[in-house]
Amino acid sequence: MGLLTFSLNVTLDGCVDHQVGIADDESHAYFTRVMDEGGAMLWGRVTYELMESYWPAVARGDEEAPPALREWAVKLEAKPKYVVSSTRKDFSWANSHHITGDLRDGVQKLKDATPAGVLLGSGKLATELDRLDLIDEYRMLVQPRIAGHGPTLYEGGLPTTRKLELVSAQPLRSGIVAMHYRRAD
């Protein structure tokens with residue numbers, strides 16, 4: 001069984017708005033390495049639609065992008081992408097699949113079928129999956145920013161505190177810190 005790893009950019013005050021972080025070559029290279037280690041991507045509908053609106057065009061060369069972004073886009077294009085949505089049924093982006101039915105069962109089956117692991121990149125979906133005790137690891141790029149607004153990580157709360165064990169912490173040149181934790185309980 002593969003691990004479910006939640007990975008996202010987050011500011012010091014917990015904001016997960018994709019527009020407030022530092023998006024440089026080093027942070028994109030980090031996420032590319034993390035994606036390379038996993039066997040599949042997992043998103044909620046909103047994140048999927050955000051990604052689908054830009055990255056396929058970068059992968060095709062229709063959008064100008066620096067080499068680090070193009071590398072990410074090409075690898076993302078080839079990666080299996082799984083989407084949890086109760087409102088959208090059609091997912092035409094290459095290698096996209098819809099998870100239907102019971103959330104716990106669907107994600108557990110995905111983990112079981114993906115020995116290299118699944119990379120989760122949606123904040124709201126992470127809250128639901130953490131409530132179901134399905135997340136095994138957390139790989140966050142902690143941005144040296146205080147956004148002062150939302151959306152924030154775990155806005156809906158969790159029933160209990162999650163105890164984590166530090167695997168690694170790596171500062172990047174920009175001041176971002178790449179944090180890797182695994183569940184300790």
Side-chain angles (χ1 to χ4, degrees), residues 3-38 40-59 63-77 79 81-84 117-131 134-158 161-184:
L3 299 177
L4 179 59
T5 302
F6 178 30
S7 185
L8 212 59
N9 282 295
V10 61
T11 63
L12 287 176
D13 59 343
C15 180
V16 293
D17 181 339
H18 72 281
Q19 298 179 45
V20 299
I22 298 168
D24 61 5
D25 285 351
E26 192 175 22
S27 62
H28 280 287
Y30 170 83
F31 278 122
T32 300
R33 282 191 311 275
V34 171
M35 181 176 62
D36 284 346
E37 293 171 8
M41 306 296 289
L42 175 61
W43 297 316
R45 179 193 54 82
V46 172
T47 301
Y48 175 87
E49 289 175 352
L50 176 70
M51 303 295 273
E52 161 188 60
S53 71
Y54 180 69
W55 293 111
V58 173
E63 289 279 341
E64 288 295 319
L69 292 183
R70 177 121 22 250
E71 179 185 9
W72 160 263
V74 168
K75 288 182 176 190
L76 183 59
E77 189 76 14
K79 188 68 73 171
K81 295 167 280 292
Y82 291 84
V83 187
V84 173
V118 179
L119 188 62
L120 167 64
S122 294
K124 287 182 182 178
L125 181 56
T127 301
E128 294 307 312
L129 295 178
D130 226 336
R131 286 181 183 149
L134 289 170
I135 298 178
D136 303 295
E137 292 188 328
Y138 304 79
R139 295 185 77 159
M140 303 295 180
L141 283 188
V142 180
Q143 301 285 325
R145 307 257 166 102
I146 295 174
H149 63 80
T152 58
L153 208 52
Y154 295 104
E155 281 183 353
L158 292 175
T161 299
R162 296 288 182 249
K163 295 176 186 157
L164 306 176
E165 168 186 304
L166 180 64
V167 175
S168 66
Q170 175 191 1
L172 306 183
R173 289 185 302 273
S174 62
I176 295 170
V177 179
M179 304 295 295
H180 182 183
Y181 289 94
R182 92 174 30 105
R183 291 275 303 258

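We use all heavy atoms of the structure for the numbers below, so side chains are in, but hydrogens, waters and symmetry mates are not.
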Taking all non-hydrogen atoms of both residues, which atom of [X] and which atom of [Y] are closest, and how far apart?
{"X": "Met179", "Y": "Ala169", "answer": "SD-CB, 3.7 Å"}
{"X": "Ala23", "Y": "His28", "answer": "CB-NE2, 3.7 Å"}
{"X": "Leu125", "Y": "Gly44", "answer": "CD2-N, 3.6 Å"}
{"X": "Tyr154", "Y": "Ala126", "answer": "CE2-O, 4.1 Å"}
{"X": "Gly123", "Y": "Phe6", "answer": "CA-CZ, 4.1 Å"}
{"X": "Ala68", "Y": "Asp25", "answer": "CB-OD1, 3.5 Å"}

Separation of [Y] [atom2] from [X] [atom1] (nearest 0.5 Å):
{"X": "Arg70", "Y": "Glu64", "atom1": "CZ", "atom2": "CD", "value": "6.5 Å"}
{"X": "Arg139", "Y": "His180", "atom1": "CZ", "atom2": "NE2", "value": "4.5 Å"}
{"X": "Leu119", "Y": "Lys81", "atom1": "CG", "atom2": "NZ", "value": "12.5 Å"}
{"X": "Tyr30", "Y": "Ser7", "atom1": "OH", "atom2": "OG", "value": "5.0 Å"}
{"X": "Lys163", "Y": "Arg183", "atom1": "NZ", "atom2": "CZ", "value": "10.5 Å"}
{"X": "Lys124", "Y": "Thr47", "atom1": "NZ", "atom2": "OG1", "value": "9.0 Å"}

Review point. Is any side-chain heavy atom of Leu141 closer than 4.5 Å to a side-chain heavy atom of Leu172?
Key: yes
Study note, to complete from the structure: Between Leu120 and the options Leu42, Asp136, Leu8, Thr5, the side-chain contact (heavy atoms from CB on, under 4.5 Å) test singles out Leu42
Check your understanding: Does Lys75 come within less than 4.0 Å of Glu71, counting only side-chain N to carboxylate O?
Key ->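 Between Glu71 and Lys75 there is a salt bridge, with a charged N closer than 4.0 Å to a carboxylate O.
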Revision key, fill the gap. Hits for salt bridge (charged side-chain N to carboxylate O under 4.0 Å, His left out) against Arg162, two or more places apart or cross-chain, chain-then-number order -> Asp130, Asp133
Name the atoms and distances for all side-chain donor-acceptor pairs under 3.5 Å in residues 142-150, with sequence neighbours left out.
| unit_1 | atom_1 | unit_2 | atom_2 | d |
| --- | --- | --- | --- | --- |
| Gln143 | OE1 | Ile22 | N | 2.6 |
| Gln143 | NE2 | Asn9 | OD1 | 2.7 |
| Arg145 | NH1 | Val20 | O | 2.8 |

**Study point:** Side-chain donor/acceptor of Lys79 to backbone N/O of Met35, under 3.5 Å
**Key:** yes
Exercise for review: Mark yes or no for whether Glu155, through its side chain, and Thr152, through its backbone, hold a donor-acceptor pair below 3.5 Å.
Suggested key: yes
Practice item. Hey, could you give me each pair passing side chain to side chain donor-acceptor pair (under 3.5 Å) that has a residue in residues 168-179? Not counting sequence neighbours. Key: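 The answer is none; no pair qualifies.
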Review point. Using 30° and 60° as the class limits, which term best fits the ring planes of Trp43 and Tyr48: parallel, tilted or perpendicular?
Key: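 Tilted: the ring planes of Trp43 and Tyr48 meet at 30° to 60°.
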Exercise for review: Under the side chain to side chain contact (heavy atoms under 4.5 Å, CB included) rule, what do Leu153 and Tyr138 come out as? Steps first, then yes or no, please.
Suggested key: CA-CA 12 Å; Leu153 208 52; Tyr138 304 79; over 6 Å; no
